[in-house]
2 protein chains.
Amino acid sequence: MSSTTRKPRLAEVAKLAGVSPGLVSRILNGDPTVRARPETRAAVLSAIEMLNYTPHPSARALRNARTGLLGFALHHVNDPIYAEMVHRAQSAAARRNFSIILLNTAELAERGEAFRNIVLGRRLDGLLIQSGFGAGEDVLHEIARTVPSVVFSANPTPDMRTMRLDDARAAATATQHLIDTGHTSIAYVGAPGVSSERRFEGYRSTLAAAGLPWLPAVNGGWTADEGHEATVRFLGSGAQVTAIVAVTATTALGVHSGIVASGRRIPDDVSLVSVHDTWYARHLNPPMTAVTLPLGDLGALAVAELIDQIDTPRAGETIVADPEPLLVVRGSTKPIQA
Amino acid sequence: MSSTTRKPRLAEVAKLAGVSPGLVSRILNGDPTVRARPETRAAVLSAIEMLNYTPHPSARALRNARTGLLGFALHHVNDPIYAEMVHRAQSAAARRNFSIILLNTAELAERGEAFRNIVLGRRLDGLLIQSGFGAGEDVLHEIARTVPSVVFSANPTPDMRTMRLDDARAAATATQHLIDTGHTSIAYVGAPGVSSERRFEGYRSTLAAAGLPWLPAVNGGWTADEGHEATVRFLGSGAQVTAIVAVTATTALGVHSGIVASGRRIPDDVSLVSVHDTWYARHLNPPMTAVTLPLGDLGALAVAELIDQIDTPRAGETIVADPEPLLVVRGSTKPIQA
DNA sequence: CTGAAAGCGCTTACAG
DNA sequence: CTGAAAGCGCTTACAG
């Protein structure tokens, strides 16, 4: 049982190799000033190997004021869009010997104590923050100013590196597709938070530019269940739209089922476009037309960006990425006069 | 800019309160032998408050040989079932002042180096391991023996605390539902790994017990895309089944779309039951009948169990939880003679 | 070029 | 009951 064997320390490696602890440390960290004889170096390396030595991260962290830990503050880990993002962020971090700690935005925003304990208390090296999904985000932004951070947000936030997602443009792309295929009566199902407001604005302005009427946002929330309820209510109240733009992939799924539950057909009676594409979109019946934003890539990019920032601090508002939204046409939309 | 202000140390709190560092530490940690005068204690507390003091976790970790970090090794964070589990595990951990670090099983199994650096190197206090989904898991089990762990698995693994999911029973419940509603020609769409094999066995034995024929598992993989391809091939090859049991929620979605793509109707031509229920099941068209296993609860429970185990080590194979699979009947199944 | 020593910020036996 | 001191395992200026 190796479970009872204590882990070897640097000093033991040094003793075994017949050198000082300092030298082992220097070799381990690739100190360029080290000019140890090849056989000395080999002895150190083989001692490390022999003892299966691994440096103690807490000791290192204490010395270096670096934990190798990145926090990822999310509203919904179980949102497929962000799950993918987390997944990619984790891989990118691991490749650079960082680890990702999961943080819950709601918990953080609610309990100042949690924020203090976990974010400040853990001495995280950096923070990724999903923003724009609700109230209480001021707290998060405050945190973001005390530690290197990348914020995923529609609004470039002053004094913060933000990874911009062009919400408005994505919604505009979705809306334009519907206009291009002859729809003139188009609704938007949204959710609370700035992100949705921006998408609504993309929807509204695109319709306005085309000289078409727009409707106030139908409040659907960020989940499929909420999207479903909102859609059933909306269509049940006699709304005569021929097309809907949904704020995100989860909500869109609920809108999808809500349209069906209301006894209308997709796309014959109502066309549907989702902002955000995800793995399940193509498996729906009918498959969901969607606007792709490469959030997985952004997750990886944000980690790279964040680690760079930790190494060489830079301040200020920076738009790091701003990918072009891509339309993927599937079965949930069809031209109005077809 | 508080970003430049150094964080206060224990010693500074002590100075401000006019006591020794040791006493502050004792008060902070609720040492029961402390009998400080109320005003002394108050002075300490208010000094902490005033400086917004937070103990340095690396210093503590170094002293206590405890990091407060739990690793969660997963195959697919973006699988909705496990995303939910991670979410709940995170909450449960946060409540006990532990943090969850995301680990990728595939990376761990592939690169021994990653395993060494991250799992041993990080000195994680404990490990949650999703098992049964592929090859190379021996490495994981080896790790699990060196640090307090809880393994999610069908098979209680020797020398490990395992949180058992009764895969076989869940699949049996799904299959029995189909038998009860008159189906006699039922297929199973599976995936690689022990988990799926166990579910297959549940399927097979239930049919056998009913005197009905069973088919070899259709290999669908753990994703919707794979489930889709496998189903299209399977049905395209002229299979005459009237019902399918799918290994998990993601695969089931692909089977769903695969049936539709093959020109058959759900449930009129083919009924479909998913092992595992998830948030999107009810939003499909038609909604998916599923067998619920409370994986979210298990995630939370596993964390509690793990932390207990860290506090008071216990060894050996233990079946920690074994919830009853619950059938949720929705629109994707219907009686054969209806 | 390498070794000895101090110190990162805690906690806790040991004295008093 | 509380303080002074040692030590957790590293890293790195400082000597040599």
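Order of the sequence lines sets the chain letters (A, B, ...), proteins ahead of strands, with each chain counted from 1.
- In terms of position along DNA chain C, the nucleotide closest to A:V34 lies nearer the 5' end than the nucleotide closest to the other residue of the pair B:N64 and A:V34.
- Closest approach to the B:H56 side chain among D:dG9, C:dG9, D:dG3 is made by C:dG9 (side chain taken as heavy atoms from C-beta onward).
- Atom CZ of B:R41 is separated from atom P of D:dC1 by 12 Å (rounded to the nearest Å).
- In DNA chain C, consecutive stretches of 3 or more Watson-Crick or G-U wobble pairs with both distances under 3.5 Å are given as paired ranges: C:1-3 with D:14-16, C:5-12 with D:5-12, C:14-16 with D:1-3.
- Residues A:S25 and B:S20 each lie close to DNA chain D; by heavy-atom proximity, the contact nearer the 5' end of the strand is made by B:S20.
- Heavy-atom nearest nucleotides on DNA chain D were determined for B:T33 and for B:R63, and the one closer to the 5' end corresponds to B:T33.
- At the heavy-atom level, B:D31 lies nowhere under 4.0 Å from the strands shown.
- The distance between atom CD1 of B:I27 and atom C1' of D:dT2, rounded to the nearest whole Å, is 10 Å.
- In the interface, the side chain of A:R26 is paired with the base of C:dG3 through a donor and an acceptor atom under 3.5 Å apart.
- A salt bridge does not link A:E12 with A:K15: none of the charged nitrogens is closer than 4.0 Å to a carboxylate oxygen.
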Would B:N78 and A:R88 count as a side chain to side chain donor-acceptor pair (under 3.5 Å) if you check the C-alpha gap in whole Å, the side-chain angles of each, and the deciding distance to 0.1 Å? CA-CA 10 Å; B:N78 35 0; A:R88 295 286 304 281; over 6 Å; no
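- Looking at B:T40, B:I48, B:V34 one by one, the single match for side-chain contact (heavy atoms from CB on, under 4.5 Å) with B:I27 turns out to be B:V34.
- Counting any heavy atom pair closer than 4.0 Å across all strands shown, B:L10 reaches a base atom.
- Of the listed nucleotides (D:dT11, D:dC10, C:dC10), D:dT11 has the atom at the smallest distance from the side chain of A:N29.
- Remark: P of D:dC8 and CZ of A:R9 are 6 Å apart, rounded to the nearest angstrom.
- Taking atom CG of B:L28 as the reference point, atom P of C:dT11 lies 7 Å away to the nearest angstrom.
- Salt bridge status for B:D311 with B:R96: absent, with no side-chain N to carboxylate O gap under 4.0 Å.
- A distance-only check finds a donor-acceptor pair linking the side chain of A:D125 to the backbone of A:G68 [under 3.5 Å].
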Please evaluate residues B:R161 and B:S149 with respect to the criterion side chain to side chain donor-acceptor pair (under 3.5 Å), reporting the C-alpha separation (whole Å), side-chain torsions for both, the decisive distance (0.1 Å), and the verdict. CA-CA 7 Å; B:R161 288 183 90 65; B:S149 301; over 6 Å; no
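- The CG atom of B:L23 sits 15 Å away from the C1' atom of C:dG16 (whole-angstrom rounding).
- In terms of phosphate contacts, A:R60 brings a side-chain nitrogen or oxygen within less than 4.0 Å of OP1 or OP2 of D:dT11.
- Comparing the same atom, P, in C:dT2 and in C:dA6 gives a spacing of 23 Å after rounding to whole Å.
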